[in-house]
Visitor: 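Structure provided below as structure tokens; questions to follow.
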Amino acid sequence: MTAARPPRLRFAPSPTGALHIGGARTALYNWLAARHDGGELVLRIEDTDRERSTEENWEQIVDALEWLELDWDEGPVSQFGRAERHRRALARLLESGAAYRDAATAKDVEAWKAERGAGAGYRGTPSDEPGAAVRLRVPDAGETVVEDLIHGPVAFPNASYDDFVIARGDGTVLYNFAVAVDDAEMGITEVVRGDDHLSNTPKQLLVLAALGHEAPRYAHLPLLHGPDGKKLSKRHGAASVQELREAGYLPAAVRNYLALLGWGTDDDTTLMPTAELVRRFRVDDVGKAAAIFDEKKLRWLNGRYMRELPLEDYVAAVARHLGREPDERLREACAIAQEKAQTLDEVWPLIRFLFEPPVDDPKSWQKVMRPGVEEPLAAAREALGDVEPFAPEPIEAALAPVLERFELKPGRLYQPIRVAITGSSVSPGIFESLAALGRADSLARIDEALVRLRSAKLDE
RNA sequence: GCCGCUAUCGUCUAGGGGACUAGGACGCCGGAUUCUCAGUCCGGAAACCGGGGUUCGAAUCCCCGUAGCGGUACCA
């Protein structure tokens, strides 16, 4: 047994819109780290910027996490809702002299810096003016070191940091202050977040030190980039969790894929169910380099998960995605399509012919309904009329003599049948498709195709 | 500008001084499965950013450069 207490982590997104894939990965890593050690996960929404925080954005985050099936033990906690505690901490710093009021504006700070030369951290002058912001005193000498779980120790010279603003003139606090106070007061032991916070960490460490709090352990995750190597944005296709859901991906596959983006095992296992992820994941093993989100691999992984799903679950997932009832017909349709789709989105085109008339696809028709198909197709129709029972194997057996009689390669007969009953040259296995459609509909559709074939001939 | 992070096939990665003729996965190319597509199976092409060091030996350690990224707000 290890001496370490179970860790307490937090996922702390700002409610500025849909949860991005990068945010989702951060959430997943926090969740995995917490579950791996039997720790706790707190969901805290960083909403101290009132203008950018809307209720709708809150819901989007919660909704995304729920879809990903990532649960939390506490929250969602509103950071803004902890304002009173922030005020108390602020008062303490003001009293001890660790922080001071300064009336300088951004312009003043700029001027100050222009005078001292680049690189010098701003140092203000205490003021009693009403509306003055509160700044933290940053030491001129020495450095602040972040002992990062992923990067190792990273040193930042104190002189390069401004006496930064921790509270606005109106008394509301700023991010770097609120985060430090909350992490400490909420008993957070491990902070796992994006790399973009690494250079902010010294500020938080300084706040923690001024307050006399112990610092949590930090792990800064490399950022995720789009296929062009740039920071992930809306331009990169499915960039949010919601878009992933709409594109027909399975939560379990997304978790597996996301886990592998920046983290790997020494044996390079790729397919890892969530339980295995929980068992093997360690933040310390996360890589340092930014990764690019590659939807191709996600598709492949998703296909693997789709095929391994028990039929009941598969039907349920497809029904939910299509907004249909998981009835017997859908169940039958899923049974013949499961091997073929990589995303839930790809299922409907394959099974559509079981619910609607054949699609009108001129390309398929032209490619397959060449001169000479009429006779064998008519023969196939006759053979199909006598099949008993109307099931895959008997159907195949009934069609074999037609193949022989016309000396056709299988595709020469099956493709026309496929186009006749589905309208498309792509479908599940032809025998399964016929059986699922049923004898009456199958024959009727082949008849219609024959009529169309004959009238086309007359037109020539 | 200043401060910081990062750098292995197209992509995700393994590898952390000799086991590297640099391994796996996705993707790609070719072949097989004599019903399409998908799947599956087999085979193939494909990488240590550049330059200096340290060392008997460097993808691995150090330095410089280059590139990418992040921070530098009374945003988060």
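Excluded from the calculations below are hydrogen atoms, water molecules and symmetry mates; all remaining heavy atoms, backbone and side chain alike, are included. Chain identifiers are assigned alphabetically (A, B, ...) following the order of the sequence lines, protein sequences preceding nucleic acid strands; residue numbering begins at 1 within each chain.
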Visitor: How many whole angstroms separate atom CG of A:Leu221 from atom P of B:C5?
Guide: 17 Å

Visitor: Quote, to the nearest angstrom, the P distance that separates B:C49 from B:A59.
Guide: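 Pairwise P distance, B:C49 against B:A59, rounds to 10 Å.
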
Visitor: Write down the distance separating the P atoms in B:G68 and B:C63, rounded off to the nearest Å.
Guide: 22 Å

Visitor: Would you classify A:Asp162 as touching base, sugar-phosphate or nothing, given that sugar-phosphate means primed atoms plus P, OP1 and OP2, and contacts are heavy atoms under 4.0 Å?
Guide: sugar-phosphate

Visitor: Quick one: sort the A:Tyr414 and A:Phe431 rings into parallel, tilted or perpendicular, breaks at 30° and 60°.
Guide: perpendicular

Visitor: Say you pick atom P in B:U11 and the same atom in B:A46; how far apart are they, in whole Å?
Guide: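 16 Å, rounded to whole Å.
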
Visitor: Check the orientation of A:Tyr122 and A:Trp112. Use parallel for under 30°, tilted for 30 to 60°, and perpendicular for over 60°.
Guide: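 The arrangement is perpendicular - the two ring planes meet at more than 60°.
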
Visitor: Within the structure shown, what part of the strands sits under 4.0 Å from A:Pro15 by heavy-atom distance: base, sugar-phosphate, or nothing?
Guide: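 Result for A:Pro15 = nothing.
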
Visitor: Check each of A:Asp195, A:Asn200, A:Thr201 against A:His220 using the side-chain hydrogen bond (donor to acceptor under 3.5 Å, both in side chains) test, and report the only one that passes.
Guide: A:Thr201

Visitor: Using the C1' atoms only, state how far B:U33 lies from B:A58, rounded to an integer number of Å.
Guide: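 The same atom, C1', in both gives a distance of 47 Å.
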
Visitor: Using a cut-off of 4.0 Å on non-hydrogen atoms, how would the nucleic acid contact of A:Ala104 be classed: base, sugar-phosphate, or nothing?
Guide: base

Visitor: Base, sugar-phosphate alone, or nothing: which one does A:Gly303 contact when heavy atoms must sit under 4.0 Å apart?
Guide: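 Nothing, no heavy atom under 4.0 Å.
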
Visitor: Going by purine N1 to pyrimidine N3 plus the second Watson-Crick contact, or the G-U wobble pair, all under 3.5 Å, which nucleotide sits opposite B:G27?
Guide: none

Visitor: Please determine whether a side-chain nitrogen or oxygen atom of A:Thr48 lies at a distance below 4.0 Å from atom OP1 or OP2 of B:A76.
Guide: yes

Visitor: Which is true for A:Gly169 with a 4.0 Å heavy-atom rule: it touches a base, it touches only sugar-phosphate, or it touches nothing?
Guide: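 Base: the residue A:Gly169, judged by heavy atoms under 4.0 Å, touches a nucleobase.
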
Visitor: Within the structure shown, what part of the strands sits under 4.0 Å from A:Thr265 by heavy-atom distance: base, sugar-phosphate, or nothing?
Guide: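 If one applies the 4.0 Å heavy-atom cut-off, A:Thr265 turns out to touch the sugar-phosphate alone, with no base involved.
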
Visitor: Applying the Watson-Crick and G-U wobble criteria at under 3.5 Å, what pairs with B:A73? Answer none if nothing qualifies.
Guide: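 Answer to the pairing question: none, since B:A73 forms no Watson-Crick or G-U pair.
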
Visitor: Touch check for A:Glu46, heavy atoms < 4.0 angstrom, all strands: base, sugar-phosphate only, or nothing?
Guide: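 The residue A:Glu46 makes sugar-phosphate contact but no base contact.
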
Visitor: Could you tell me whether A:Lys367 contacts a base, only the sugar-phosphate backbone, or nothing, with contacts defined as non-hydrogen atoms closer than 4.0 Å?
Guide: nothing

Visitor: Would you indicate what A:Lys409 reaches in the nucleic acid, counting non-hydrogen atoms under 4.0 angstrom: base, sugar-phosphate, or nothing?
Guide: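 Here A:Lys409 touches no strand at all.
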
Visitor: Under 4.0 Å, counting only non-hydrogen atoms across every strand here, what does A:Asn200 touch: a base, just sugar-phosphate, or nothing?
Guide: base

Visitor: If we call it a pair only when both distances are under 3.5 Å in a Watson-Crick or G-U wobble match, what pairs with B:U33?
Guide: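 Across any shown strand, B:U33 pairs with B:G39.
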
Visitor: On the 0 to 90° scale, with breaks at 30° and 60°, tag the A:Phe281-A:Tyr29 ring pair as parallel, tilted or perpendicular.
Guide: tilted

Visitor: Give A:Tyr161 one of three labels, base, sugar-phosphate or nothing, depending on what nucleic acid heavy atoms sit under 4.0 Å from its own.
Guide: nothing

Visitor: May I ask you to decide if A:Leu309's main-chain N or O and A:Gln338's side chain share a donor-acceptor pair within less than 3.5 Å?
Guide: yes

Visitor: Report yes or no: does A:Arg439 contribute a side-chain atom to a donor-acceptor pair with the main-chain N or O of A:Val387 at less than 3.5 Å?
Guide: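 Yes.
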
Visitor: Heavy atoms only, 4.0 Å cut-off, all strands: where does A:Ile430 land among base, sugar-phosphate and nothing?
Guide: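 Result for A:Ile430 = base.
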
Visitor: Quick one: label A:Ser199 by what it contacts on the DNA or RNA (base, sugar-phosphate, nothing), any heavy atom closer than 4.0 Å.
Guide: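 Touches a base.
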
Visitor: Tell me if the side-chain of A:Lys296 makes a donor-acceptor pair with the base of B:C26, cut-off 3.5 Å, by modelled atom types.
Guide: no

Visitor: Does B:A67 have a Watson-Crick or wobble mate here (both distances under 3.5 Å), and if so which one?
Guide: B:U6

Visitor: What interatomic distance, in whole Å, is found between C1' of B:C48 and the corresponding atom of B:C20?
Guide: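 Rounded to whole Å, the distance is 11 Å.
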
Visitor: Paired with B:A58 by Watson-Crick or G-U wobble geometry, both distances under 3.5 Å: which nucleotide is it?
Guide: none

Visitor: Ignoring backbone atoms, establish whether A:Arg304 has a side-chain N or O less than 4.0 Å from OP1 or OP2 of B:C26.
Guide: no

Visitor: Between A:His197 and B:A76, is there a side-chain N or O to OP1/OP2 distance below 4.0 Å?
Guide: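 False: A:His197 side-chain N/O out of range (4.0 Å or more) of B:A76 OP1/OP2.
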
Visitor: When the P atoms of B:A32 and B:G17 are compared, how many Å lie between them, rounded to an integer?
Guide: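 My reading of the P atoms in B:G17 and B:A32 gives 47 Å.
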
Visitor: Do A:Asp47 and A:Ser78 have a side chain donor and acceptor closer than 3.5 Å?
Guide: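 Checked: A:Asp47/A:Ser78 side chains pair up, N/O donor to acceptor below 3.5 Å.
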
Visitor: Taking a pair as Watson-Crick or G-U wobble with both distances under 3.5 Å, which nucleotide is matched to B:G17?
Guide: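 Matched B:G17 with nothing under the 3.5 Å cut-off.
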
Visitor: Can you tell me how far P of B:U34 sits from CD of A:Glu404, to the nearest Å?
Guide: 16 Å

Visitor: Determine: side-chain N/O of A:Arg307 to OP1/OP2 of B:U40, distance under 4.0 Å, yes or no.
Guide: yes

Visitor: A:Thr270 near the nucleic acid: base, sugar-phosphate alone, or nothing, with a heavy-atom cut-off under 4.0 Å?
Guide: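 The residue A:Thr270 makes sugar-phosphate contact but no base contact.
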
Visitor: Would you say the base of B:A7 and the side-chain of A:Lys288 have a donor-acceptor pair closer than 3.5 Å?
Guide: no

